[in-house]
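Report on one structure; see the data block that follows.
Numbers here are sequence positions counted from 1.
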Amino acid sequence: MARICQCSSVTELWDVHCEAMNEFGFDRLVYGCTHFTTPTSLGPREDTLILSSHPREYVERLCTEDELYRHSPMIEWASQNSGACSWSWVHENIDKLSEKGLQVRDINREMNVTAGYTISFPESAKRARAVMALTARSGLTQDQVDQIWDEHGKTIETLNHVVHLKILSLPQQTDRAKLSARQREVLEWVGTGKTNQDIATIMGVSAATVEKHLRIARSKLGVDTTAQAILKISYLNQIRSPHG
């Protein structure tokens with residue numbers, strides 16, 4: 001936990017956490033976090049932070065083929081619940097799964113993703129959701145994983161909660177195009193109340209250049225207004241970040 005607290009980037013944090021979870025028998029992890037859910041969806045894929053230690057093929061099949069991850073049985077559970085849940089839930093509710101949910105289950109079986117636990121984190125803010133899926137190493141049955149959880153579940157769940165909270169404090173990069181240092185700086189100055197002309201003077205450029213930076217930043221972030229752009233990078237901890 002001390003190593004987790006000392007991490008200064010999501011990449012470093014993820015490596016530390018994957019190493020820790022592997023010691024408990026979970027060798028493939030997926031974490032997803034979004035600040036932009038709607039009442040009927042998880043929000044745009046481009047605005048979701050997804051971290052994975054699965055083989056790339058697995059992630060690509062779930063994230064690119066009709067965004068099947070949205071229909072994962074445990075995602076459906078997590079959308080309505082918080083806490084930790086054994087994957088035995090899937091077997092107990094098999095008759096309630098949608099057609100695409102069954103398709104995800106078949107892919108999981110094919111890729112040997114058959115035993116594990118899912119942790120749904122409490123909402124940190126309106127429209128924010130986050131989940132961690134812990135896949136047990138090959139050869140472990142769900143009954144064996146449940147035994148591991150009976151013995152170590154509180155520790156495992158606590159570590160995952162600390163990692164989740166740490167991620168929320170660090171700069172996050174989604175699939176949206178990354179802002180340049182100048183684009184981010186312009187947004188930061190706007191956020192402090194400076195006008196375009198003020199910013200132009202501070203940065204030693206023209207007001208037209210400032211507006212160009214703002215226009216490109218809005219486009220990269222997928223928003224219509226500068227206020228929306230500032231709000232979005234604030235959610236992602238990219239504003240005034242000391243880490244690039």
Side-chain angles (χ1 to χ4, degrees), residues 10 13-14 17 29-52 54 58-85 87 89-90 93 96-105 107-108 116-135 157 160-179 187 191 217-239 241:
V10 170
L13 174 63
W14 187 244
H17 188 54
L29 280 57
V30 175
Y31 171 84
C33 178
T34 178
H35 302 275
F36 308 103
T37 64
T38 71
T40 58
S41 80
L42 295 173
R45 166 68 183 86
E46 296 83 2
D47 290 323
T48 302
L49 172 66
I50 295 180
L51 306 173
S52 172
H54 280 264
Y58 177 74
V59 178
E60 288 178 347
R61 290 185 68 176
L62 289 187
C63 292
T64 61
E65 292 183 8
D66 300 323
E67 296 188 325
L68 285 174
Y69 73 93
R70 296 176 182 270
H71 305 281
S72 167
M74 294 310 299
I75 288 292
E76 293 184 10
W77 172 86
S79 67
Q80 303 296 326
N81 300 275
S82 62
C85 183
W87 288 3
W89 182 90
V90 178
N93 292 272
K96 299 178 183 178
L97 301 185
S98 65
E99 181 179 346
K100 288 190 175 181
L102 291 171
Q103 189 176 347
V104 171
R105 184 203 60 171
I107 292 175
N108 284 342
Y117 263 75
T118 290
I119 299 173
S120 177
F121 300 102
E123 292 185 7
S124 57
K126 286 185 177 180
R127 300 183 63 193
R129 292 297 300 177
V131 63
M132 181 81 75
L134 308 169
T135 300
E157 193 169 354
N160 278 274
H161 274 270
V162 173
V163 166
H164 167 59
L165 293 173
K166 182 67 175 181
I167 288 173
L168 293 182
S169 75
L170 293 170
Q172 303 163 29
Q173 184 61 48
T174 67
D175 280 353
R176 296 283 184 189
K178 189 174 183 178
L179 297 181
L187 287 174
R218 291 193 296 266
S219 176
K220 285 183 176 181
L221 292 168
V223 298
D224 296 321
T225 69
T226 298
Q228 291 169 335
I230 294 170
L231 183 61
K232 180 167 280 191
I233 66 169
S234 296
Y235 279 138
L236 300 175
N237 295 319
Q238 293 181 15
I239 197 163
S241 167

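Using a 4.5 Å heavy-atom cutoff, the side chains of Arg70 and Ile75 are not in contact. For the pair Leu236/His35, a side-chain contact is recorded, criterion being any heavy-atom separation below 4.5 Å from C-beta on. Contact of the Ile107 side chain with the Leu62 side chain is registered, since non-hydrogen atoms from C-beta on lie closer than 4.5 Å. Considering only heavy atoms from C-beta on, Pro73 comes within 4.5 Å of Val104 through its side chain. Using a 4.5 Å heavy-atom cutoff, the side chains of Asn93 and Trp77 are not in contact. Side-chain contact between Gln173 and Lys178: present, with at least one pair of heavy atoms (C-beta onward) separated by less than 4.5 Å. The shortest side-chain heavy-atom distance between Leu187 and Leu179 falls under the 4.5 Å cut-off. Here the side chains of His161 and Ile119 are in contact, with some heavy-atom distance below 4.5 Å.
Distance check, rounded to the nearest 0.5 Å: CG of Leu231 to CZ of Phe36 gives 7.0 Å. Residue Leu170 holds its CG atom at 11.0 Å from CG of Leu165, rounded to the nearest 0.5 Å. The line from CG of Asp47 to CG of Leu221 is 8.5 Å long, rounded to the nearest 0.5 Å. How far CE of Met74 is from SG of Cys85: 3.5 Å, rounded to the nearest 0.5 Å. With rounding to the nearest 0.5 angstrom, the NE2 atom of His17 is 6.0 Å from the CG atom of Leu134.
Residues Glu76 and Ser98 approach most closely at OE2-OG, 3.8 Å, considering heavy atoms. Here the closest non-hydrogen pair linking Lys220 and Arg176 is O-CD, 3.4 Å. For Val131 against Ala78, the heavy-atom pair with the smallest separation is CG2-CB, 3.9 Å. Listed here is the closest heavy atom pair of Leu49 and Ile167: CD2-CG2, 3.8 Å. The two residues Ser52 and Val30 have their closest heavy-atom pair at OG-CG2, 3.9 Å. Minimum interatomic distance between Ala128 and Glu123 (heavy atoms only, all atoms of both residues): O-CG, 3.6 Å.
Using modelled atom types, no side-chain atom of Ser82 and backbone atom of Pro122 make a donor-acceptor pair closer than 3.5 Å. Although no hydrogens or angles enter the test, the distance criterion places a donor-acceptor pair under 3.5 Å between the side chain of Gln238 and the main chain of Gln172.
No option in Thr37, Asp175, Thr34 other than Thr34 meets the side chain to side chain contact (heavy atoms under 4.5 Å, CB included) test with Thr48.
Using a cutoff of 4.0 Å between basic side-chain nitrogens and carboxylate oxygens, Asp224 and Arg218 are not scored as salt-bridged.
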- [ ] Just do the side-chain contact (heavy atoms from CB on, under 4.5 Å) check on Leu68 and Arg61 with the steps written out, would you?
- [x] CA-CA 8 Å; Leu68 285 174; Arg61 290 185 68 176; over 6 Å; no
Open item on the list: Working note: Leu168 + Cys33, criterion side-chain contact (heavy atoms from CB on, under 4.5 Å); need CA distance, chi angles, decisive distance, verdict.
Closed with: CA-CA 9 Å; Leu168 293 182; Cys33 178; 4.0 Å; yes
TODO: Begin from the C-alpha positions of Thr135 and His54 and carry the test side-chain contact (heavy atoms from CB on, under 4.5 Å) through to its verdict.
DONE: CA-CA 9 Å; Thr135 300; His54 280 264; 3.5 Å; yes
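Side-chain contact, Tyr31 with His164: a donor N or O sits under 3.5 Å from an acceptor N or O. For the 3.5 Å distance criterion, the side chains of Arg105 and Ser72 fail to qualify, holding no donor opposite an acceptor. In summary, the side chains of Trp87 and Thr118 do present a donor paired with an acceptor at a separation below 3.5 Å, with no hydrogens or angles considered.
The number of heavy atoms from other shown groups lying within 6.0 Å of OH (Tyr235) does not exceed 12.
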